[in-house]
Amino acid sequence: MRFDFSATAPEVAQRLIGATLTVDGVGGVIVETEAYDQSDPASHSYAGKTARNASMFGPPGRAYVYRSYGLHWCLNAVCMPAGHGAGVLIRALEPTVGIETMQHRRRIQEVRLLCAGPGRLCQALGVDRSHDGSRLDRKPFRLVASSTRELLVTNGVRIGISHSRELSWRFALAGSRFLSRPMTAGAS
DNA sequence: TCGCCGATGTTCT
DNA sequence: GAACATCGGCGAT
């Protein structure tokens with residue numbers, strides 16, 4: 001079934017766990033996400049709309065692709081409320097289809113590390129700036145909601161940020177061996 | 001297995 | 001000029 005983006009970033013981030021994402025038929029099952037929104041100092045949208053983050057302020061269900069640390073690409077899904085800079089960073093996939101293509105693009109064999117991290121995931125799926133602003137329900141993207149009813153999803157502190165550590169807006173499939181890093185629990 | 005470091009686009013001070 | 005939603009390679013443990 002098609003994925004519904006008419007919800008806030010934390011809700012969408014949780015529901016994306018277990019969904020299947022492919023780009024031109026290459027990808028797998030989402031096992032790790034993080035939510036961001038405009039009220040959050042750790043978010044790219046916090047300081048308002050700029051040329052880089054413009055697609056975060058566009059319609060939900062589209063891609064926001066940005067360059068990280070000068071070299072890597074990172075893929076986000078834009079969420080509700082529309083025009084408010086809310087989004088979900090896709091951090092890791094369990095590779096299921098097109099594994100040979102991903103191994104070739106990443107120049108490694110180890111399947112566990114093909115998509116274990118936002119930069120690695122974009123390299124494996126061939127995502128770059130040309131996908132920024134594209135709809136996630138149209139080619140080359142394909143996003144299918146999880147068919148499993150009950151998935152064990154854990155949440156905790158987001159990775160690589162210094163602001164808003166109190167928000168447990170990182171979500172992951174419990175026990176997955178395809179995460180970018182082990183989950184660390186937030187403050188209780 | 002851990003931690004430091006370099007590469008370097010975009011934004012902010 | 002510095003920070004940053006990162007990664008891979010290197011040398012030290």
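Because the structure is a prediction, the values reported are computed rather than measured. Convention: sequence-line order gives letters A, B, ...; per-chain numbering from 1.
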Whichever of A/S162 and A/Q123 has the more 5' nearest nucleotide on DNA chain C, that residue is A/S162
If we call it a pair only when both distances are under 3.5 Å in a Watson-Crick or G-U wobble match, what pairs with B/dT8? none
May I have the distance from A/R91 (atom CZ) to C/dA5 (atom P), rounded to whole angstrom? 11 Å
Taking the six-membered ring of A/Y36, is NZ or CZ of A/R158 closer than 6.0 Å to its centre and within 45° of its axis? yes
For atom NE2 of A/H72 and atom C1' of B/dT10, their distance in whole Å: 15 Å
Using the P atom in both, what is the distance from C/dA5 to B/dC2, to the nearest Å? 23 Å
Closer to the 5' end of DNA chain C via nearest nucleotide, is it A/H163 or A/G119? A/H163
Could you check whether A/R129 gets within reach of a base, just the sugar-phosphate, or nothing at all, counting any heavy atom under 4.0 Å? sugar-phosphate
Checking all strands, does A/I161 fall into the base, sugar-phosphate, or nothing category for heavy-atom contacts under 4.0 angstrom? sugar-phosphate
Without decimals, in angstroms, what is the distance between A/Q109 CD and C/dG8 P? 14 Å
Pi stacking test for A/Y66 and C/dA5: under 5.5 Å apart, planes under 30°: no
Over how many whole Å does the gap from A/R181 atom CZ to C/dG8 atom C1' extend? 15 Å
First of A/L71 and A/A51 reached from the 5' end of DNA chain B, by closest nucleotide: A/L71
